[in-house]
Amino acid sequence: MEHVVYHLNLVSGRYEFVSAAAAPIFGLSHQNLNDAGGDVFARHMLPDDFQMVRSHIADIAQAHPGQRVATTVEYRLSEPDGKLRHYHDSMLLDVGMDGYALSATGVAVDVSKRNEAELALKELDAQFRATMDAAQVGIFVLQNAKFRFANKFLLNAFGYAADEFIGLLGPLDTVVPEQHAMVAEQVRRRAAGEPGSPYEIKAVRKDGSVFPARIVGTPTTINGQPASVGTLIDISEQRAAESKIRELADFDALTGLPNRRLLRDRFAQMLAIAEREKTELALIFLDLDHFKRVNDSLGHSIGDDLLCAVAERLTTAIRKIDTLARLGGDEFILAMPGIPASAAAEVARRLLEICATPFMVAGHDLTVTPSLGISLYPRDGKDLEALLRNADTAMYKAKELGRNAFQFYSSDMNDATLEHLLMESSLRQGLNNDEFILHYQPLVCLKSGRIIGVEALIRWIHQDLGMIMPDRFIQVAEDTGLINPLGDWVLCEACRQSMVWQSAGLPAVTMAVNVAPVQFRQAGFVEQVAGALAASGLEARYLELELTERTVMHDAEINLGTLSALNRMGVDLSLDDFGTGYSSLAYLKRFPVGKLKIDRSFVRDLEVDQDDQAIASTIVLMGHNLRLNVLAEGVESASQLELLRKMGCDMAQGYYFSRPVPAEQMAELLREQPFMIKE
Ligand code: C2E
Ligand code: MG
Ligand code: MG
């Protein structure tokens with residue numbers, strides 16, 4: 001490497017000394033060189049560099065008056081052979097008190113070779129970085145479980161700046177905690193030199209958000225140490241596309257509702273559950289009436305908007321577990337698990353109702369009514385195809401009947417639910433309008449003929465239909481939950497009436513009140529009874545609750561608690577319609593029941609039917625063995641009464657004595673005691 005030593009007088013501009021090595025640089029002899037003076041450098045230096053060197057020296061001198069300062073400069077000289085050479089010049093400047101340099105003594109070293117190599121390296125590095133940063137994939141180098149390198153794409157993907165990331169964070173800082181073990185294992189394998197196959201991570205950005213990414217790592221060595229080079233691909237878009245594809249396959253593109261394919265899947269699940277749990281399933285086929293007219297007169301685009309509006313409104317009327325699907329055109333299917341016929345009718349009615357308000361579509365007020373057909377699993381079909389076909393048939397029936405209506409596939413269901421629906425809404429009204437009254441029927445002691453109790457029996461005095469008997473509405477009340485307010489009213493009214501009679505000086509008798517299964521099982525039933533007693537002031541021992549065998553034996557263990565609580569209060573319990581249900585004798589013994597009521601069906605043919613006689617007398621015997629009173633229901637004749645008396649039956653009730661009568665008439669019977677046996 002060439003170097004030139006010099007001493008330059010900056011005041012005269014002359015070289016006081018220049019080493020011989022400088023001569024060939026300028027194509028001069030040593031002598032000539034000294035004659036040429038300092039100029040020779042200035043003339044050969046590239047003009048920009050000359051300016052730069054001059055101002056560099058001037059600046060330093062200005063800052064250090066009266067001092068000797070060391071500095072370095074680099075410049076290029078163009079030489080006689082036409083080549084450019086780089087010099088690195090280290091000099092000592094002597095500065096005058098006025099801040100102007102007096103002289104420079106230095107060594108200029110030709111660093112052309114070094115600079116070329118450095119430049120090439122720099123260029124390579126720049127190229128490498130540009131390439132890395134242009135890559136649309138994350139590239140990283142890992143060593144000792146830390147990122148040693150990360151390209152722009154990777155840094156952007158994670159939202160870090162290079163200086164917050166490189167050398168500081170490792171792979172575990174960039175994935176969700178659940179994947180730490182998995183990722184640590186991958187890193188360990190790469191470090192051990194095992195080539196990897198692609199794996200997916202839930203990558204965590206600096207801001208904590210998560211995106212799916214695919215990683216491929218390859219083991220390598222850097223500075224003799226194990227390392228790995230890896231790529232990261234953000235697969236969010238791919239994932240979104242995949243789910244879009246799945247959506248397209250399963251959902252109707254227009255309305256976004258499930259399509260036939262998804263309906264089939266979901267229905268298969270519903271069927272499996274219905275089969276296993278022996279529950280019902282309802283399918284509603286809904287078709288818009290005259291939809292074609294909308295399409296024809298207003299155009300398909302408005303037709304489409306209307307379908308979307310309908311779909312949206314229908315969706316509001318269904319439960320989460322239901323599936324509303326669009327089959328295409330104006331046909332919708334609603335599949336509802338665990339729903340009995342009456343509830344399906346209720347939903348159908350609600351769907352009609354919500355479609356009754358016109359739809360606002362593109363500035364038009366459109367009225368579109370649906371026709372609905374209902375099929376029920378299992379009675380109308382055991383699979384989707386059969387149920388769909390039958391719901392479709394039912395839907396056509398609804399159209400024939402004038403549209404904007406629903407029909408069941410089975411015609412008997414149509415009659416039954418119509419009555420049910422009429423009943424339910426008017427039952428609700430009846431409750432609000434106090435349309436119910438109680439009639440009373442005497443319970444007669446067979447030994448004395450004395451009326452020792454009365455049974456309260458409910459009647460509905462309907463505005464249009466007149467008196468309706470409980471057999472027609474109690475079931476509806478139970479199905480709809482209305483039995484709870486209704487039963488509460490009966491309890492309170494019966495207790496109140498009983499107190500009215502007692503206050504009037506009539507003989508105190510038992511008041512028997514019927515209790516429906518739903519009512520008995522509701523939480524708070526015991527409190528309800530206590531409340532009725534407290535409100536009326538009736539003593540508990542005058543109240544008797546009539547429960548059917550079925551009510552009590554169903555979930556016997558649970559009921560035992562309620563029965564015991566009532567018994568502790570002092571309320572009597574009797575088993576109604578005894579003999580028609582299935583009673584476990586074991587339970588019968590444990591239940592705190594005081595009375596059995598032999599069902600009317602065994603009494604009706606008592607005179608002629610040997611079996612009924614056997615059953616009745618057995619019940620009497622069994623009851624007595626369990627120390628229970630036995631009452632016979634439905635006694636209509638003297639001969640029936642005679643037989644029952646011979647069997648040792650304790651009490652009887654029936655038309656033979658009296659039909660159920662209003663409270664005033666019952667008061668008379670209580671006063672007169674017309675059935676007393678005169679000795
Ligand atoms: P039940 O508790 O077995 O009541 C006896 C039914 O037999 C009453 O019918 C009564 O009128 C009828 N009956 C009485 N003696 C004779 C007779 O000699 N011959 C015939 N053929 N029938 C007789 P009703 O009043 O129509 O009540 C029917 C059922 O409705 C009752 O059967 C009871 O289970 C239910 N019920 C009545 N009132 C209530 C109530 O307030 N709450 C509840 N949950 N159910 C009630
Ligand atoms: Mg009864
Ligand atoms: Mg009965």
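Values below: every heavy atom of this structure, side chains too, minus hydrogens, waters and symmetry copies. Atoms within each ligand, like the ligands themselves, are counted from 1 in listed order. Numbering of residues begins at 1 and proceeds along the displayed sequence.
Near E636, the atoms of ligand 1 lying under 4.0 angstrom from a non-hydrogen atom of the residue are 17 (C), 18 (O), 19 (N), 20 (C), 21 (N). The contact set between ligand 1 and Q441, taken as ligand atoms under 4.0 Å from a residue heavy atom, comprises 14 (C), 15 (N). Listed by number with element, the atoms of ligand 1 under 4.0 Å from a non-hydrogen atom of R600 are 6 (C), 7 (O), 12 (C), 13 (N), 19 (N), 20 (C), 21 (N), 22 (N), 23 (C).
Distances from atom 29 (C) of ligand 1 to the heavy atoms of D471, L438, T548 put D471 nearest. Nearest residue to atom 42 (N) of ligand 1 from V490, V515, D599, N514 is N514 (criterion: closest heavy atom).
Take the N/O/S atoms of E455: the one nearest the Mg ion (ligand 2) is OE2.
Using the six-membered ring where Trp is involved, Y440 and W501 have ring planes that are perpendicular, over 60° apart on the 30 and 60° scheme. In this structure, F473 and F436 have tilted ring planes: the angle between them lies in the 30° to 60° band.
At least one N, O or S atom of E546, from either the backbone or the side chain, sits less than 2.8 Å from the Mg ion (ligand 2).
Panel note: side chain E455, backbone P442; no donor-acceptor pair is recorded below 3.5 Å.
Contact check for E346 versus I339: no side-chain heavy atoms found under the 4.5 Å cut-off.
Geometric assessment of R349 against the ring of F406 yields a negative cation-pi assignment under the 6.0 Å and 45° thresholds.
Looking at ligand 1, you'll find an N or O of E633 within less than 3.5 Å of one of its N or O atoms.
How far CG of L545 is from CD of Q519: 9.0 Å, rounded to the nearest 0.5 Å.
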